[in-house]
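One structure is given here, and the rest of the page talks about it.
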Amino acid sequence: MNNPPARREKTIERPAGAGPFNLLKDPIMRFYATTPIYYVNARPHLGHAYTTIITDAFTRFHRLTGREALFITGTDEHGDKIAQVAEKHGQAPLQYAERISGLFRAAWPRLNAEPGGFIRTTEDRHKKAVTAFLDRVRGDIYFGRYGGHYCVGCERFLTEKELADGLCPDHRTPPQFVEEENYFFRMSAYQDWLIDHIKKNPDFIRPERYRNEVLGLLKEPLEDLCISRPKSRLDWGIDLPFDDKFVTYVWFDALISYISAIGWPEDEPFGRWWPHAQHFIAKDILKPHAIFWPIMLKSAGLPLYRHLNVHGYWQLGQAKMGKSVGNVVDALGLSETYGAEPFRYFLARDMAFGLDSEFVEDALVARHNSDLANDLGNLWQRSLAMVARFGGGLIPEDGGEIPGRDLAARLAEEYRAHFQSLALHKALASAWELIGALNKFIDTEAPWALAKDPARAGRLAAVLRSLVEGLALAGALVWPVMPRTGEEMWRRLGLDPEGMSLDLAGLRQNLHPGRAVLAGPPLFPRVDFGGRPAETKPAVPPAAPLKAEPVETVTIDEFRRLDLRVAEVLSAEAVAKSDKLLKIRVGLGAEERTIVAGLARHCRPEDLVGRLVVVAANLAPAKLMGISSQGMILAAARKEGEGEELTLIAPALPIAPGSRVS
Ligand code: MSP
């Protein structure tokens, strides 16, 4: 075996002396996290949203503890799967990939996730990195012939052992038998080295169950990895630098995105971030990340990532949520209904990292009402009301003994330890323990009673101060998962959200006595769902009553003359010189149309892109503001007349654009 010479690893300087909160306890100085780069064969769903949201939350957590932190996401655009789906849509692969990649990129800010970078495998910077990488590992590549069971869904060969009754266990489809001449990467040569590395670094793959799973896989002899596809069969990929009759196998290409996104093969910013790399994935892609990728890095003479963090599946009806099973939940739709912050909270709180979770919408509503509206929302409202009433609406003095500081410090420490060990749901439980304790503290201290007794003014001031400090800490603790909420809490307490931190001493110093506390609307108005059991449906304005006068009827045949179709919004923009109209491009399967719709006052153009709507497709074209409109988008009035509010009509489940509505 020909291994390229080992390259020297970059070292990052560690600042001397005491750093911010607890930095010295933990050797990580920076945090570089990645989500999987998602295939562009499906629009973003709850499963993708989960990984992206928690990666965003972990990144924010590391910032809270004083580290520099960055996370990257992106899209995986090559390979059989994308080529096939693009063809189905009658589009060139790149054209198709551009559109879906755009949906992913636009989705994350709407869920309050702020990736520091977005990488597409069709970008030049990425292609360059793949080429450089292949050159580096050339010594481990040989030409040969192979036949095996290929699952297009997984984009990899499955071993006999991985098949369940002859089917792919994840996609429940039979793999196809593929046999051809290709280039192979000598993984087998690294098997013992990898086993040794995993054994010596117990937290390389975590939680432990996945480490054990990988060690189990490694008990069988590793097969070499087929890393090319002949262009005669598939040309949608990156050319092999040493044989242009072949393109690179999609996984070999995709994994390299984790370093191309930070500038590799250039030294910087790669050298700054890579020593701190952690990948977040679900268990579906454990093998490529735990086996292919470390071996690829080793062969290229590059340092390995620090941790592979593996979570379980969101399931619906006991099956993994996914496009191939067709049981996906629309993440953006849910976050629009309930708000991005409650949606993030629910996802982070209701999945134990590493285990599967069944998605139940009612559980989301229940979490919202009990944890957010009740516990946190009430605490906030009543505390601010008391500061207003008994403390003149000002941050109280920090004089004398402030009760509860020990408890706050202990819970902050527990929270930190849980986050550090990936137990995000437990970190939130610690935060809610603080919130619960503060609520109880108000009840037992009864500031309203203290206020009646001038001899106890000192205690009243200390209680109010303790409450304000507790709220500020609660704001910081919720910030990684609910950034807008945490920032709003800090702002209203006169703190600068830019300085969001877990440094308790610093936090106290910045709560300047005498500064005004801003009362405002509740943080989480309760969500009331009529229809289902009490407390489980959002309040909607009553429907406009049906008109009393008889409505003209139409026959079923007349109704059928209307061609109603599901359409996907491809782009939307305001129409110049109109405050009502939007110019919207929709896709109806094979066909695209422009529709001018009076929706400008009801939705932002960027929120429309990617949504499924219903259009009247055979309406005679009309010109509006000089633009030809070919159809009408259906909407219903939540409120009629002055201050009219429209809401779009959409299918309850994802369905192919172009489907007929009847
Ligand atoms: N393109 C590859 C990844 C290449 S990374 C170098 C891929 N893409 S994917 O679009 O299929 O995304 C898979 C990932 O999406 C999972 O690992 C997980 O992060 C997320 N999820 C997709 N469905 C999910 C659930 N039902 N539950 C939890 N996470 C899910 O694989």
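Only this structure's heavy atoms are used, side chains among them; waters, hydrogens and symmetry mates stay out. Atoms within each ligand, like the ligands themselves, are counted from 1 in listed order.
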How far is atom 19 (O) of ligand 1 from its nearest protein heavy atom, and which residue and atom is that?
T51 OG1, 2.6 Å

Does F280 have a heavy atom less than 4.0 Å from any atom of ligand 1?
no

If I apply the N/O under 3.5 Å rule, does W251 come out as touching ligand 1?
no

For S299 and D140, which I'm curious about, is there any donor-acceptor pair between the side chains at under 3.5 Å?
yes

Where is the nearest protein heavy atom to atom 24 (C) of ligand 1: which residue, which atom, and how far?
G47 CA, 3.5 Å

If you measure from the Lys or Arg side-chain nitrogens to the Asp or Glu carboxylate oxygens, is any gap between R484 and E114 under 4.0 Å?
yes

Specify the protein heavy atom at minimum distance from atom 1 (N) of ligand 1: its residue, its atom name, and the distance to 0.1 Å.
D76 OD2, 2.7 Å

Which segment of T35 sits under 4.0 Å of ligand 1 when only heavy atoms are counted
neither

Among all protein non-hydrogen atoms, which one is nearest to atom 31 (O) of ligand 1, and what is the separation to 0.1 Å?
I285 CG2, 3.4 Å

Stepwise, does the salt bridge (charged side-chain N to carboxylate O under 4.0 Å, His left out) test hold for D80 with R233?
CA-CA 9 Å; D80 282 296; R233 183 166 71 75; 3.4 Å; yes

Quick test of your reading of the structure: of Y38, W314, F359, Y39, whose heavy atom lies closest to atom 11 (O) of ligand 1?
Y39

Using heavy atoms and a 4.0 Å limit, tell me yes or no: is E155 in contact with ligand 1?
no

Taking the side chain as every heavy atom from C-beta outward, state whether N182 and Y146 have any pair of such atoms under 4.5 Å apart.
no

Modelled atom types, side-chain donor and acceptor of H289 and Y258, under 3.5 Å:
yes

Quick one: is the NZ or CZ of K320 closer than 6.0 Å to the six-membered ring centre of Y313, and within 45° of its axis?
yes

Tell me whether ligand 1 is touched by P288 - counting only heavy atoms on the residue side and a distance under 4.0 Å.
no

Check for me whether Y313 has a heavy atom closer than 4.0 Å to any atom of ligand 1.
yes

How far is atom 17 (O) of ligand 1 from the closest protein heavy atom, and which atom is that?
D284 OD1, 2.8 Å

Can you tell whether the side chains of K283 and E213 come within less than 4.0 Å, N to carboxylate O?
no

Report, in ascending order of atom number, the atoms of ligand 1 lying under 4.0 Å from any heavy atom of G312.
28 (C)

Looking only at side chains, do Q191 and S188 share a donor and an acceptor under 3.5 Å apart?
no

Can a salt bridge be assigned to the pair K128 and D124 using a cut-off of 4.0 Å between side-chain N and carboxylate O?
no

Please determine whether a side-chain nitrogen of the Lys or Arg among K231 and D244 lies less than 4.0 Å from a carboxylate oxygen of the Asp or Glu.
no

Give a yes/no on ligand 1: does H45 have at least one heavy atom closer than 4.0 angstrom to it?
yes

What protein heavy atom sits nearest atom 3 (C) of ligand 1, and how far off is it?
I37 O, 3.2 Å

Using distance alone, determine whether Y258 and ligand 1 share an N or O pair under 3.5 Å.
no

Top protein contact for atom 29 (N) of ligand 1, by heavy-atom distance
H311 CE1, 3.3 Å

Tell me yes or no: between the side chains of Y345 and T485, is some donor less than 3.5 Å from an acceptor?
no

Say whether E77 and Y39, considering side chains only, have a donor N or O and an acceptor N or O under 3.5 Å apart.
no

Considering the heavy atoms of A282, write down every atom of ligand 1 situated less than 4.0 Å from one of them.
16 (C), 17 (O), 18 (C), 19 (O), 29 (N)

Below the 3.5 angstrom mark, is there an N/O of A254, backbone or side chain, next to an N/O of ligand 1?
no

Nitrogen or oxygen atoms of M321 and ligand 1 under 3.5 Å apart:
yes

